[in-house]
Amino acid sequence: MEQPGLAARLSAAAGAPLEMIGRSLPAPVTEVVGRSTEAAMRGALRVALATLPRKEVVADADGSADTAVAVVERAETRIEGRLARLLGSSETAHKALAAVTGAVGGAFGLATLAVELPVSTTIMLRSIAEIAREEGEDLETPEGALACVQVFALGGRPGQNLSESGYFAVRAALAKTMAEAARYAGSKTLLDQGAPALVRFTAQIAARFGIVVSQKVAAQAVPILGALGGATVNTAFMNHFQTMARGHFTVRRLERTYGPETVRAAYESEKAALGVA
């Protein structure tokens with residue numbers, strides 16, 4: 001949870017030096033990444049809120065991600081069961097779907113990011129939600145549904161304006177906006193994605209998710225990487241967030257059993273014993 005090593009995984013997947021994965025992207029590329037990340041998070045939030053009972057979600061004015069998200073939801077409904085039977089688990093099926101979208105991104109490059117990233121993010125969210133259920137999370141509550149989206153903010157490294165990088169530090173940084181978003185989602189039947197509480201939560205998640213998306217884009221930008229390399233990079237990306245989700249929802253399960261303070265103390269003790277800064 002404290003040393004997720006995404007850059008190292010992407011470096012290995014792309015066959016590129018670690019320094020290349022961590023480098024700054026050109027300004028035009030950074031702008032594309034920023035827009036695509038925000039669209040992906042809006043789509044992920046819509047999918048998460050749609051799991052709540054007796055709720056209807058109204059998209060905000062910028063519904064650019066909605067078409068791609070709707071397409072992948074329909075596609076998953078048709079093929080996820082078949083892949084799960086073939087590959088042995090839904091978790092593996094989600095990785096296979098992520099590999100397919102990565103292959104498209106690898107074949108066509110940055111031009112497809114605005115479509116590929118929302119689709120990949122929705123697939124990852126479905127996998128994260130499955131892991132959450134396995135750990136006893138109630139996804140029919142706003143807190144449980146939003147905790148799935150929260151996973152996208154975990155596991156990156158801080159940027160210039162993001163000083164918090166430890167697991168509990170990131171959760172603390174997100175606590176206020178997540179609580180506001182949960183209160184809003186719990187108090188309304190018709191949920192407006194343009195509501196200030198949801199916009200603030202989405203923006204905060206997107207700012208952190210954008211850091212790891214930049215690393216993914218850098219990995220996929222390796223010359224002659226192509227479709228196969230793009231699939232490998234996206235599989236590493238999916239595996240990273242599945243690992244973070246497992247850790248996150250294990251901690252939340254333990255907190256429900258033993259209390260947040262006890263779990264935090266045990267976590268910090270284990271962290272110190274391992275010599276993690």
Side-chain angles (χ1 to χ4, degrees), residues 30-73 113-126 128-129 132 137 139-156 158-165 169-214 216-217 241 244-245 248:
T30 300
E31 291 177 8
V32 173
V33 168
R35 290 195 300 270
S36 300
T37 300
E38 290 171 3
M41 284 299 95
R42 286 194 298 269
L45 182 65
R46 184 180 69 79
V47 172
L49 293 176
T51 66
L52 300 177
R54 297 178 298 280
K55 302 288 184 182
E56 182 179 350
V57 184
V58 178
D60 60 9
D62 184 355
S64 57
D66 288 350
T67 300
V69 169
V71 168
V72 76
E73 285 182 291
L113 184 65
V115 174
E116 181 265 317
L117 185 62
V119 170
S120 295
T121 302
T122 301
I123 293 169
M124 288 192 290
L125 182 66
R126 294 282 294 273
I128 289 167
E137 197 75 33
L139 300 187
E140 292 192 353
T141 66
E143 293 80 6
L146 293 177
C148 292
V149 181
Q150 186 183 34
V151 171
F152 292 108
L154 303 174
Q160 291 180 340
N161 300 315
L162 300 173
S163 59
E164 307 90 349
S165 62
V170 173
R171 284 183 61 181
L174 296 171
K176 182 178 179 181
T177 54
M178 184 168 169
E180 290 173 350
R183 280 197 298 271
Y184 171 80
S187 65
K188 304 287 184 181
T189 301
L190 186 65
L191 303 179
D192 180 2
Q193 265 196 276
L198 298 184
V199 169
R200 285 192 294 269
F201 177 69
T202 304
Q204 201 171 12
I205 299 292
R208 294 178 177 280
F209 185 49
I211 297 170
V212 293
V213 171
S214 294
K216 172 176 125 69
V217 169
F241 282 104
M244 296 307 298
H248 179 51

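- Rounded to the nearest 0.5 angstrom, I128 CD1 and I123 CD1 are separated by 12.0 Å.
- The heavy-atom pair separating S214 from V33 by the smallest distance is OG-CG1, 3.7 Å.
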Pair R171-H248, side-chain contact (heavy atoms from CB on, under 4.5 Å): steps then yes or no
CA-CA 10 Å; R171 284 183 61 181; H248 179 51; 4.1 Å; yes
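- Closest of all the heavy-atom pairs between A129 and C148 is CA-SG, 3.9 Å.
- Remark: F209 CZ to S36 OG distance equals 10.5 Å, nearest 0.5 Å.
- Closest of all the heavy-atom pairs between V149 and L125 is N-CD1, 4.2 Å.
- The structure places OG1 of T37 at 11.0 Å from CZ of F152, a figure rounded to the nearest 0.5 Å.
- Distance check, rounded to the nearest 0.5 Å: CZ of R46 to CG of L198 gives 13.5 Å.
- Put simply, CZ on F201 and CG on L146 are 5.0 Å apart, with the number rounded to the nearest 0.5 Å.
- Contacts classified as side chain to side chain donor-acceptor pair (under 3.5 Å) and involving residues 177-186 (residues at least two apart or in different chains) are given here: T177-Q204, E180-R200.
- Residues M244 and V151 approach most closely at CB-CG1, 4.3 Å, considering heavy atoms.
- Considering every non-hydrogen atom in both A153 and I205, the closest pair reads CB-CD1, 3.8 Å.
- Checked by atom type and distance alone, the side chain of T51 pairs as donor or acceptor with a backbone atom of A48 at under 3.5 Å.
- Heavy-atom minimum distance, A182 versus E143: CB-OE2, 3.9 Å.
- A donor-acceptor pair under 3.5 Å is formed between the side chain of Q193 and the backbone N or O of R42.
- Summarising the geometry, atom CZ belonging to R126 is positioned 14.0 Å from atom OG1 belonging to T121; distances are rounded to the nearest 0.5 Å.
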